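Reminder, nothing fancy here: chain letters follow the sequence lines and each chain counts from 1. All values reported here derive from a predicted model rather than from experimental measurement.
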Protein chains: 2
Amino acid sequence: MSHTLGIRQAQKQKTRQALMDAALVLLEEQSLSSLGLREVTRAVGVAPTAFYRHFRSTADLGVALVEEALGSLHPMIRTTVTADGTSEERIARAVELIAGHVTAYPAPVRFIARERHGGVQPVREAIRDQLARFAEEVKTELAKDAEAEGWSDDDLLMLSHLYVDQMLVTASLFLEALESSPQERERVALLAARQMRLISIGRRHWLD
Amino acid sequence: MSHTLGIRQAQKQKTRQALMDAALVLLEEQSLSSLGLREVTRAVGVAPTAFYRHFRSTADLGVALVEEALGSLHPMIRTTVTADGTSEERIARAVELIAGHVTAYPAPVRFIARERHGGVQPVREAIRDQLARFAEEVKTELAKDAEAEGWSDDDLLMLSHLYVDQMLVTASLFLEALESSPQERERVALLAARQMRLISIGRRHWLD
DNA sequence: AATTCCAGAGAACAGTTGTTAACTGGATGA
DNA sequence: TCATCCAGTTAACAACTGTTCTCTGGAATT
């Protein structure tokens with residue numbers, strides 16, 4: 001189904017990606033609402049007007065960045081929640097997964113954390129939609145579990161949102177600890193694991 | 001202990017407060033990192049240079065806004081956590097309190113949610129410090145409770161952070177639902193209450 | 001081979017920004 | 001009463017912003 005792009009389309013996509021990459025770097029030290037279009041094109045080395053060939057505005061760029069940052073994460077989420085083993089093993093694996101992802105891709109993670117409540121409405125909405133999709137997917141996975149017996153749909157969705165929010169809290173903790181000592185990062189990992197453990201315990205006794 | 005301010009100092013404080021109020025309004029639709037000093041002074045009706053008599057920069061203004069938004073909240077947090085009654089009553093009261101606060105002071109709440117992970121380092125740090133203070137205070141209150149018997153200090157602090165984070169999640173949910181229908185806001189309240197309930201259950205069975 | 005297309009360049013636009021310096025005039029303190 | 005102080009003003013600065021229009025050269029299409 002994949003169609004080989006012409007030289008032209010390929011070059012265009014390359015420039016587009018360069019703009020997005022440059023933006024992500026610039027956004028490590030500022031918010032999207034203060035990111036200038038000229039700033040981005042200057043970093044890439046193209047004329048300011050070239051920007052308009054790819055994005056209507058920086059807000060538009062931001063929405064594209066949201067897709068890039070979260071779009072590819074859905075399969076990862078699914079397998080993480082599904083993963084078998086004891087509750088304790090699953091927690092450890094989830095925390096490791098988050099830590100690894102934050103270490104490997106700090107810029108996109110920072111961008112999402114920053115713009116989730118940021119000053120650009122379309123971007124906030126794009127993030128909210130993606131996170132809602134995550135919650136829905138987590139919910140369908142949770143529903144398969146034996147522990148979900150007797151749970152109402154609303155309760156399952158409530159728990160899913162709690163998990164998704166907790167993942168973001170953990171990710172931003174790791175983000176803050178990125179430049180810290182390994183001991184500090186280990187402390188964060190233990191804290192995150194304990195919080196997840198408490199939520200798991202709450203889940204186990206929910207129907208009591 | 002209170003000393004009556006001279007005409008001069010009083011006028012200065014008045015202008016300073018006007019700058020902060022105007023900034024808060026402007027920040028409803030953008031992030032601090034894009035807030036211009038001229039923008040603020042224009043909204044107040046003073047010369048741009050007057051800004052420097054009160055703040056070194058907009059980042060400095062932001063730090064002052066953090067103090068204003070969170071500084072006065074400490075007593076409120078204390079009494080909320082301490083409040084007696086059944087677990088269910090305490091949850092209902094906490095959710096109501098948050099909903100009321102968000103409705104009464106949406107701008108400062110939005111500011112904190114936005115800048116907690118925003119693009120201005122000193123402001124992020126100021127918020128982090130205030131939230132850490134909240135967690136410490138919640139911890140000391142929790143420690144007084146009979147349920148805290150056998151809990152380690154680390155576990156108590158872990159739970160406190162979970163509570164504080166959950167309060168922020170709830171506040172930002174109410175913020176999003178501010179312009180929505182009463183039914184929608186009630187839905188948010190029920191969701192928040194259920195999430196707190198799950199955490200409470202986890203807390204109750206933590207030592208099993 | 002001739003024509004159309006279009007990503008990117010270039011120049012110019014009116015507005016905006018933070019920061020400096022020197023000032024004014026009313027409150028303050030001797 | 002008189003000298004000092006200082007919150008706020010005025011003017012000017014170079015640097016920057018988003019957006020428009022026109023142009024170009026190589027890819028794509030016929």
Side-chain angles (χ1 to χ4, degrees), chain A residues 2-27 29-65 115 118-123, chain B residues 2-27 29-65 115 118-123:
Chain A
S2 84
H3 180 254
T4 311
L5 266 51
I7 296 177
R8 203 154 174 166
Q9 297 267 332
Q11 190 49 251
K12 182 172 183 181
Q13 280 219 353
K14 204 171 158 187
T15 307
R16 183 188 153 98
Q17 191 60 48
L19 288 170
M20 290 173 67
D21 291 347
L24 221 41
V25 171
L26 292 167
L27 285 170
E29 290 178 351
Q30 62 183 315
S31 316
L32 184 64
S33 79
S34 68
L35 182 70
L37 127 196
R38 293 183 101 106
E39 210 178 337
V40 179
T41 56
R42 194 185 314 127
V44 172
V46 297
T49 47
F51 186 90
Y52 292 106
R53 299 288 179 194
H54 304 275
F55 307 101
R56 256 186 248 279
S57 62
T58 50
D60 199 22
L61 206 203
V63 172
L65 284 176
E115 300 303 329
V120 184
Q121 207 206 27
V123 173
Chain B
S2 85
H3 180 257
T4 311
L5 267 50
I7 297 177
R8 206 158 171 164
Q9 297 267 332
Q11 189 50 248
K12 183 174 182 179
Q13 280 219 352
K14 203 172 158 186
T15 307
R16 182 187 154 99
Q17 192 60 49
L19 288 170
M20 290 174 65
D21 291 347
L24 223 41
V25 171
L26 292 166
L27 285 170
E29 289 178 353
Q30 63 183 314
S31 316
L32 183 64
S33 79
S34 67
L35 182 70
L37 128 195
R38 293 184 100 107
E39 211 178 336
V40 179
T41 56
R42 194 186 313 128
V44 172
V46 297
T49 48
F51 186 90
Y52 293 106
R53 299 288 178 197
H54 303 276
F55 308 100
R56 255 186 247 282
S57 61
T58 49
D60 200 22
L61 206 203
V63 172
L65 285 176
E115 301 303 330
V120 184
Q121 208 207 26
V123 172

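- Rounded to whole Å, the distance from OH on A:Tyr52 to P on D:dT17 is 12 Å.
- Distance from the side chain of A:Arg42 is smallest to D:dC16 among C:dT17, C:dG8, D:dC16.
- For the pair B:Gln11 CD and C:dA27 C1', the interatomic distance rounds to 11 Å; values are reported in whole Å.
- Counting only heavy atoms from C-beta on, B:Val46 has its side chain closest to D:dT9 among C:dG8, D:dT9, D:dC5.
- With rounding to the nearest 0.5 angstrom, the CD atom of A:Glu29 is 12.5 Å from the CG atom of A:Leu35.
- In this structure, of D:dG8, D:dT19, D:dT17, it is D:dT17 that holds the atom nearest to the side chain of A:Glu39.
- Atom CZ in B:Arg53 sits roughly 14 Å away from atom P in D:dC5 (whole-Å rounding).
- Atom CZ in B:Arg38 sits about 12 Å away from atom C1' in D:dA14, given to the nearest Å.
- With hydrogens and angles left out, the side chain of B:Thr49 and the base of D:dT10 share a donor-acceptor pair within 3.5 Å.
- Heavy atoms of A:Thr15 sit under 4.0 angstrom from primed sugar atoms or phosphate atoms, though from no base atom.
- We find that NZ of B:Lys12 is positioned 14 Å from P of D:dT9, with the value rounded to whole Å.
- If you measure from atom CZ of A:Arg8 to atom C1' of C:dC6, you get 4 Å, rounded to the nearest angstrom.
- To the nearest 0.5 Å, atoms CZ (B:Arg38) and CZ (B:Phe51) are separated by 12.5 Å.
- Going from atom NZ of B:Lys14 over to atom P of D:dG8 covers 11 Å, rounded to whole Å.
- Proximity of A:Arg16 to A:Arg53: side-chain heavy atoms (C-beta onward) are nowhere separated by under 4.5 Å.
- The side-chain heavy atoms of B:Leu37 and B:Tyr52, taken from C-beta on, include a pair separated by under 4.5 Å.
- Across the protein-nucleic acid pair, A:Ile7 atom CD1 and D:dG25 atom C1' stand 14 Å apart, rounded to whole Å.
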